[in-house]
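Written below as structure tokens is the structure these notes are about.
Please read all numbers here as calculations on a predicted model, not as lab measurements.
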Amino acid sequence: MRRLLSSVIFLVLLFAVSCSTTVSIPYIQPSVIDMGGYRNLAVASAVPYRGFVPYTGWIPGRDIYASRFHIRTGYSYSVVSGVAEYATEELYSTLLNSGFFNLLSPSRTDAILNRGSYGYDISEEFRALGYDAVLIPRIDNMSVDEYIYSEPYEEWWTDSEGRRHRSIEYEYYYRQTASITYTLTLIDTETGSIVTRRTFTDSRYRENSFDPIWSRLDDPGYLFRRMLSSFNEGILRQFVPRTRVYDVTLMNNKPKNESAEIAYKYAKDGNTASALAVFQDVWESSQHLPSGYNAALFIASQGKYDEALDLLLEIQNLYSDEKVRSLYRDIMTIRSRNEEGVGQITGSSSAVDAKEHNDNDVYFAVLNR
């Protein structure tokens, strides 16, 4: 918690002015799933895909020229286990590096889960170790589609008598398309129910030329690993509150106020304290709209949302300006999100969203894997 909250303070100082005309307002973006009560988390190894991955031993050709070659698929059944192992490593390292959770390793989690098949009360065992929930990743579906094809090209050559000739040659290509469905299931160790289930899907391909003397295409496991890595951002968005910044451009000095000019120079140089002091002074002395607006921005960049909102209300009492109204709405949203995010970090927010599942039978089915 200290690590996450201290990062906000650091960003306040680092991003107060990100460029000459932009002010950055930091806040904590809450995760989609409130994990405040589940920060002690056991992470299981990914359950490998149990179905049949459709593929052929020989890659089909899409035309008569490509069809004469016998090229083997790069897929093998070891891809399935390798993808599951990679999913486990990616998930554990992603959650660990977030700094938000106290994690139980997949190997220790698996050992407890496996004891469930022998009648042990694994919920009690997890709770005795201090873990609030179990997160189980599963590869629900994998598919691979591969084919080879040819593309003609002209080749010119000169014979011994100097005559030019043209022949049609062929370049050969392969295309591999892989698709995956990946599910994360969160189980409450106290209630024994599934709290939430999140599904991630993707499909990617690669296309390249190949030499017909090849006997086998490249391993499509690379595509599956790329897709799993691409899920990391979505996983963090679902389960981890994180520090974000909202960038807002300073309002131009129009109508121009000579006393405010130095504040823009201070802002450009990154001297935010002096810029704020000048903007506040100009606003208080002359009710210069841009100065008041910009002062509110710098105040919000310090995390003082209420003070910034009070100033914006003061401005709105004198001026009808859409930019002021828009900034007021934006800071209201930022304040709300930040309060929710801080609540998730401190554990003071409302209970985790448990709308999706509440079935102990499903819970034990998942644990038996």
Side-chain angles (χ1 to χ4, degrees), residues 45-91 93-94 136-185 197-235 237 369:
S45 295
V47 180
Y49 178 51
R50 301 301 192 192
F52 173 72
V53 179
Y55 78 101
T56 57
W58 301 102
I59 304 300
R62 287 296 176 95
D63 56 76
I64 59 172
Y65 299 102
S67 297
R68 55 183 174 163
F69 298 109
H70 293 85
I71 308 297
R72 288 190 177 276
T73 177
Y75 173 83
S76 66
Y77 282 111
S78 64
V79 171
V80 172
S81 59
V83 167
E85 291 173 4
Y86 186 81
T88 302
E89 295 168 359
E90 280 290 288
L91 177 62
S93 63
T94 297
I136 298 181
R138 181 190 295 271
I139 309 297
D140 287 323
N141 187 55
M142 293 172 62
S143 66
V144 179
D145 179 57
E146 301 173 301
Y147 63 84
I148 57 177
Y149 65 96
S150 65
E151 291 284 353
Y153 67 92
E154 293 182 345
E155 187 165 283
W156 291 86
W157 52 280
T158 304
D159 62 21
S160 59
E161 297 179 357
R163 289 176 296 191
R164 295 277 289 165
H165 299 271
R166 183 183 70 122
S167 62
I168 302 298
E169 302 296 335
Y170 293 88
E171 185 79 18
Y172 297 96
Y173 298 86
Y174 73 88
R175 182 183 175 105
Q176 290 176 321
T177 302
S179 300
I180 194 169
T181 301
Y182 178 55
T183 299
L184 298 178
T185 303
R197 179 178 286 136
R198 289 294 185 266
T199 299
F200 304 86
T201 61
D202 198 2
S203 180
R204 299 203 178 190
Y205 75 91
R206 64 177 168 187
E207 203 163 16
N208 209 343
S209 61
F210 73 93
D211 191 323
I213 65 172
W214 288 6
S215 60
R216 184 182 297 274
L217 293 186
D218 295 329
D219 179 354
Y222 164 77
L223 294 173
F224 290 113
R225 292 190 295 272
R226 281 189 62 195
M227 289 185 283
L228 287 168
S229 295
S230 73
F231 295 149
N232 291 339
E233 178 62 28
I235 291 170
R237 186 166 56 250
R369 300 151 72 82

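Note that the CZ atom of R225 and the CD atom of E89 stand 10.5 Å from one another [nearest 0.5 Å]. Rounding to the nearest 0.5 Å gives a distance of 9.5 Å between CG of L228 and OG1 of T88. Remark: S67 OG to I59 CD1 distance equals 12.0 Å, nearest 0.5 Å.
A 4.5 Å side-chain heavy-atom check between S143 and S179 finds at least one atom pair inside the cut-off. Between T201 and I180, the closest side-chain pair of non-hydrogen atoms is not below 4.5 Å. M142 has its side chain within reach of V79: a pair of non-hydrogen atoms, C-beta onward, lies under 4.5 Å apart. The shortest side-chain heavy-atom distance between P137 and V47 does not fall under the 4.5 Å cut-off. Between R204 and T177, every side-chain heavy-atom pair lies at or beyond the 4.5 Å cut-off. Between I136 and L184 there is no side-chain heavy-atom pair separated by less than 4.5 Å. Residues R72 and W58 meet the side-chain proximity criterion, which asks for heavy atoms closer than 4.5 Å. Here the side chains of R237 and I235 are not in contact, with every heavy-atom distance at 4.5 Å or above.
Judged purely by distance below 3.5 Å, without hydrogens or angles, the side chains of E155 and S167 never pair a donor atom with an acceptor atom. When only modelled atom types and interatomic distance are considered, Y49 and D140 share no side-chain donor-acceptor pair under 3.5 Å. For the residue pair Y86/S229, the side-chain donor-acceptor check at 3.5 Å is satisfied.
With sequence neighbours excluded, the residues forming a ring pair (Phe, Tyr, Trp, His ring centres under 6.0 Å) with Y65 are Y170, listed by chain and number. Under the side-chain hydrogen bond (donor to acceptor under 3.5 Å, both in side chains) criterion, R206 pairs with Q176, sequence neighbours left out. Scanning for ring pair (Phe, Tyr, Trp, His ring centres under 6.0 Å) contacts around Y174 gives an empty result, with sequence neighbours left out.
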(Q) The test is side chain to side chain contact (heavy atoms under 4.5 Å, CB included); show your working for T158 and H165 and say whether it passes. (A) CA-CA 6 Å; T158 304; H165 299 271; over 6 Å; no

Q: Check step by step if side chain to side chain contact (heavy atoms under 4.5 Å, CB included) holds for T181 and T199.
A: CA-CA 7 Å; T181 301; T199 299; 3.6 Å; yes

Q | Derivation of the side chain to side chain contact (heavy atoms under 4.5 Å, CB included) call for I148 and F210 | A | CA-CA 9 Å; I148 57 177; F210 73 93; 3.7 Å; yes

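Considering all non-hydrogen atoms of both residues, S81 and S78 come closest at OG-O, 3.0 Å. Taking all atoms of both residues into account, the shortest heavy-atom contact from P212 to I71 is O-CD1, 3.8 Å. Contact detail for S150 and A66: the closest heavy-atom pair is N-CB, 4.1 Å. Scanning all heavy atoms of the two residues, the minimum distance from A84 to A46 falls at O-CB, 3.5 Å. The minimum heavy-atom distance linking R197 with T183 is given by the pair CG-CG2, 3.2 Å. For the residue pair S209 and E171, the shortest heavy atom distance occurs at CB-OE2, 3.7 Å.
The cationic atom of R175 (NZ for Lys, CZ for Arg) lies less than 6.0 Å from the six-membered ring centre of Y205 and within 45° of the ring axis. Judged by the 6.0 Å and 45° rule, R62 forms no cation-pi pair with Y149.
The aromatic rings of Y182 and F231 sit parallel to each other, their planes meeting at less than 30°, with 60° as the upper class boundary.
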